[in-house]
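Both backbone and side-chain heavy atoms feed into the values below; hydrogens, waters and symmetry mates do not. Numbers here are sequence positions counted from 1. All ligand and atom numbering here is 1-based and tracks the order in the structure.
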Amino acid sequence: MPEFKIAPSLLAADFARLGEEAEAVLAAGGDLLHLDVMDNHYVPNLTIGPLACKALRKYGITADIDVHLMVQPVDNLIVEFAQAGASYISFHPEASRHVDRSLELIRQHGCKAGLAINPATSLSHLDYLWDKIDLLLIMSVNPGFGGQSFIPATLDKINKARQLILSSGKNIHLAVDGGIKIDNIYETAKAGADMFIAGSAIFSQPNYQHVITAMRNELKRILNLF
Ligand code: DX5
Ligand code: ZN
């Protein structure tokens with residue numbers, strides 16, 4: 001039985017109450033927090049920087065913070081987010097001139113390293129990097145906005161990514177990000193994902209715990225396959 005993790009994406013939270021929202025969604029059963037960093041350059045949207053991550057730590061958040069960098073270039077912000085308390089840092093291979101170096105930089109600064117793969121990006125980017133990553137994040141929407149619809153072709157890609165992780169023999173999380181809801185989380189788990197990033201599905205509802213519990217119940221159905 002895989003160990004499943006649900007990572008609420010704070011992009012859909014109320015930014016005026018970020019600390020409270022983070023605390024509430026963790027109390028509701030979230031395993032770690034996903035923080036979307038957008039620069040209005042690599043993606044056409046602008047969100048938050050290392051200050052917000054630092055503020056969450058100062059507020060008292062001790063859970064893992066999974067920083068998803070949708071920025072170009074990446075190296076300076078890797079260092080800044082590591083210093084601001086990030087646990088995982090992921091970036092898009094197209095956004096770094098030297099992907100191997102950027103991955104090493106993340107680990108040198110004491111964080112777990114991830115690569116984020118867009119819907120139209122090939123898994124071949126991973127070919128020589130299996131020993132450099134702790135997290136492979138498969139985008140199931142194009143990066144830049146919350147609330148988009150899950151792209152069904154992603155299921156096949158998750159499946160291929162799971163096979164590649166198995167043949168690497170490494171302990172690498174396989175995350176899926178974008179359009180994850182109660183009614184499609186099971187399919188993504190069946191395809192091989194073990195970390196589920198969900199923003200609007202959770203924060204659009206008045207009771208976060210209901211949504212997260214319903215997601216976990218869907219994931220429990222996977223047990224029947226083992
Ligand atoms: C999209 C972000 C996602 C986003 C997911 O660029 O990377 O993490 O917050 O939001 P939903 O779950 O609303 O699709
Ligand atoms: Zn994200």
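- By the 4.0 Å N-to-carboxylate-O rule, Asp100 lies close enough to Lys132 to be salt-bridged with it.
- No donor-acceptor pair under 3.5 Å is formed between the side chain of Asp156 and the backbone N or O of Ala153.
- No other N/O/S atom of Asp36 lies as close to the Zn ion (ligand 2) as OD1 does.
- Looking only at its N/O/S atoms, Asp177 has OD2 as the one nearest to the Zn ion (ligand 2).
- Using modelled atom types, one side-chain atom of Asp31 and one backbone atom of Ile6 make a donor-acceptor pair closer than 3.5 Å.
- Centred on the Zn ion (ligand 2), the NE2 atom of His34 and the ND1 atom of His68 lie at an angle of 100°, reported to 10°.
- Under the 30°/60° scheme for interplanar angles, the aromatic rings of Tyr42 and His92 are found to be tilted.
- For Asp36 and His34, the side-chain atoms include at least one donor-acceptor pair closer than 3.5 Å.
- Side chains of Glu21 and Tyr208: a donor on one and an acceptor on the other come within 3.5 Å.
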Contacts table for ligand 1: protein N or O within a distance under 3.5 Å of ligand N or O, distances only.
residue  : atom   : partner : partner atom : Å
ligand 1 : 6 (O)  : Gly144  : N            : 2.8
ligand 1 : 7 (O)  : Asp36   : OD1          : 3.0
ligand 1 : 7 (O)  : His68   : ND1          : 3.2
ligand 1 : 7 (O)  : Asp177  : OD2          : 2.9
ligand 1 : 8 (O)  : His34   : NE2          : 3.3
ligand 1 : 8 (O)  : Asp36   : OD1          : 3.1
ligand 1 : 8 (O)  : Asp36   : OD2          : 2.8
ligand 1 : 8 (O)  : Asp177  : OD1          : 2.6
ligand 1 : 8 (O)  : Asp177  : OD2          : 3.0
ligand 1 : 9 (O)  : Ser9    : OG           : 2.8
ligand 1 : 9 (O)  : Asp36   : OD2          : 2.7
ligand 1 : 12 (O) : Gly199  : N            : 2.8
ligand 1 : 13 (O) : Gly147  : N            : 2.8
ligand 1 : 13 (O) : Ser200  : N            : 3.0
ligand 1 : 13 (O) : Ser200  : OG           : 2.5
ligand 1 : 14 (O) : Gly179  : N            : 2.8

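- Ion pairing of Arg216 with Glu218 is absent here, as no side-chain N (NZ or NE/NH1/NH2) approaches a carboxylate O to less than 4.0 Å.
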